[in-house]
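Below is one structure, written out as structure tokens; comments come after it.
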2 protein chains.
Amino acid sequence: MQRQQNLTKNQKIVLDIIEKSTEPLKAYSILSNVKKKGINAPPQVYRALDKLVDMGKIHKIESKNAFVACQSSNCKVSKAAAFSICESCEEVTEIDNSKISKYLSSFADKIGMKYKKYNLEFFGLCKKCK
Amino acid sequence: MQRQQNLTKNQKIVLDIIEKSTEPLKAYSILSNVKKKGINAPPQVYRALDKLVDMGKIHKIESKNAFVACQSSNCKVSKAAAFSICESCEEVTEIDNSKISKYLSSFADKIGMKYKKYNLEFFGLCKKCK
DNA sequence: TCTATAATGTTATATTATTACATAGTGTTA
DNA sequence: TAACACTATGTAATAATATAACATTATAGA
Ligand SMILES: [Zn+2]
Ligand SMILES: [Zn+2]
Ligand SMILES: [Zn+2]
Ligand SMILES: [Zn+2]
């Protein structure tokens with residue numbers, strides 16, 4: 001049975017390469033990087049990505065179709081994440097969501113939604129680039 | 001010269017079909033719906049979509065690769081939008097962002113980002129489905 | 001062992017988006 | 001007018017992203 005603690009072989013391989021990367025990785029980039037480890041085809045990568053997202057181990061940056069390792073242990077619980085994305089250097093940083101998530105979840109209540117998760121992406125210029 | 005007030009022919013056609021739709025439309029769905037109006041190929045649709053997004057007339061729902069007409073005149077200025085997405089009936093609603101945007105833009109300042117825009121997508125169950 | 005389930009492997013295909021280049025309109029100016 | 005820059009459009013081909021369908025193998029109880 002799939003548990004959070006016990007990743008499967010393919011999940012470990014995929015998570016490992018995402019954690020080692022300094023930038024968001026795309027599925028086919030992951031695929032080409034893990035061919036030497038015996039992962040040969042897209043479904044193997046996408047299945048691992050789906051499960052890792054479900055577990056809160058990684059996040060999908062929707063605007064980039066790319067994946068990053070979670071930087072906030074918080075997400076394992078809430079599955080809500082926020083990112084700042086620099087439009088110049090493309091740097092993506094996960095924002096510690098404990099402050100923001102309280103505000104947003106109460107907001108979701110107000111609009112009559114039974115809230116499960118959210119995804120927030122800020123765009124602009126990072127400290128270095130501005 | 002392209003102005004906000006004066007949409008081009010293809011932009012008008014694409015915006016029109018998005019405004020008439022009650023749900024987010026995907027690019028190829030738009031394409032198949034406008035073939036009778038003389039738009040034949042993906043680039044014609046994607047070019048119109050890009051410009052309309054730039055103008056704040058429509059938004060892309062990143063998690064769905066689909067487009068909706070803007071419901072908040074606010075967005076023409078801020079290019080920041082928020083949506084609630086029902087995971088059961090797939091309903092997508094633009095949240096009037098005047099309240100939320102003040103909070104989020106001040107938040108973006110704090111984390112050292114020169115903020116230009118954001119995209120926020122809430123997932124959960126809408127009033128009807130919960 | 002038997003059986004049910006989860007995980008993996010593989011091929012093919014569907015869906016989403018862009019590149020590259022050709023053509024046509026539009027306004028400006030020499 | 002002719003030359004031009006510039007925008008918009010049209011078209012074909014292809015790239016990039018993601019899933020469907022089905023076969024095989026591993027794992028963990030009963
Ligand atoms: Zn996280
Ligand atoms: Zn930067
Ligand atoms: Zn809007
Ligand atoms: Zn619903």
Side-chain angles (χ1 to χ4, degrees), chain A residues 1-18 21 23-55 57-68 85 87 90 92 119 121, chain B residues 1-18 21 23-55 57-68 85 87 90 92 119 121:
Chain A
M1 182 205 202
Q2 179 72 47
R3 313 184 145 278
Q4 255 181 283
Q5 306 88 312
N6 301 346
L7 299 181
T8 68
K9 174 178 147 263
N10 288 356
Q11 287 162 14
K12 274 182 209 146
I13 293 170
V14 169
L15 177 58
D16 186 57
I17 190 169
I18 293 174
S21 172
E23 57 184 13
L25 291 180
K26 289 168 168 268
Y28 275 73
S29 157
I30 293 168
L31 177 57
S32 70
N33 276 285
V34 297
K35 287 232 161 130
K36 47 186 171 296
K37 304 222 170 173
I39 293 183
N40 306 302
Q44 296 173 288
V45 172
Y46 280 103
R47 285 193 288 235
L49 290 171
D50 285 350
K51 290 288 172 69
L52 291 167
V53 166
D54 276 352
M55 292 176 201
K57 298 259 187 203
I58 64 172
H59 300 294
K60 182 172 186 181
I61 308 298
E62 293 286 357
S63 62
K64 291 179 171 287
N65 299 316
F67 300 83
V68 293
I85 301 170
E87 289 179 313
E90 304 276 298
V92 174
N119 182 69
E121 300 179 8
Chain B
M1 182 202 201
Q2 177 74 44
R3 311 184 144 281
Q4 252 182 286
Q5 305 88 315
N6 301 344
L7 299 180
T8 68
K9 174 177 147 265
N10 287 357
Q11 287 162 13
K12 273 181 210 149
I13 293 170
V14 169
L15 178 57
D16 187 57
I17 190 169
I18 293 174
S21 172
E23 58 184 12
L25 291 180
K26 290 171 166 264
Y28 276 73
S29 157
I30 293 168
L31 177 56
S32 70
N33 276 284
V34 297
K35 286 233 162 128
K36 46 185 171 296
K37 304 221 171 175
I39 293 183
N40 306 301
Q44 296 173 288
V45 172
Y46 281 102
R47 285 192 289 234
L49 290 171
D50 285 349
K51 290 289 172 71
L52 291 167
V53 167
D54 276 352
M55 292 176 203
K57 298 261 187 201
I58 64 172
H59 300 293
K60 182 173 187 180
I61 308 298
E62 294 285 0
S63 62
K64 290 178 171 289
N65 298 316
F67 299 84
V68 293
I85 302 171
E87 289 179 315
E90 304 276 298
V92 174
N119 183 69
E121 299 178 9

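Residue numbers begin at 1 in each chain, while the letters A, B, ... track the order of the sequences.
Between K60(A) and dA18(D) there is a side-chain polar atom (N or O) within less than 4.0 angstrom of OP1 or OP2. N10(B) has a side-chain polar atom (N or O) that falls below the 4.0 Å cut-off from OP1 or OP2 of dG10(D). Put simply, Q44(B) has a side-chain N or O that comes within less than 4.0 Å of OP1 or OP2 on dG10(D). For dA7(C), one of the phosphate oxygens OP1 or OP2 lies less than 4.0 angstrom from a side-chain nitrogen or oxygen of K51(A). For T8(A), no side-chain nitrogen or oxygen approaches OP1 or OP2 of dA6(C) to under 4.0 Å. Neither OP1 nor OP2 of dT8(C) sits under 4.0 Å from any side-chain N or O of K9(A).
Closest to the side chain of P43(B), out of dA12(D), dT16(C), dT19(D), is dA12(D). Of all nucleotides listed (dT18(C), dT17(D), dT10(C)), dT10(C) comes nearest to the side chain of A41(A). Nearest nucleotide to the side chain of A27(A), out of dA18(D), dT11(D), dA20(D): dA18(D).
Nearest-nucleotide positions on DNA chain D for R47(B) and N65(B) put R47(B) closer to the 5' end. Nearer the 5' end of DNA chain D, as judged by each residue's closest nucleotide, is the contact made by G38(B), out of G38(B) and F67(A).
The aromatic ring of Y28(B) is stacked on the base of dT16(C), with the two ring centres less than 5.5 Å apart and the planes inclined by under 30°.
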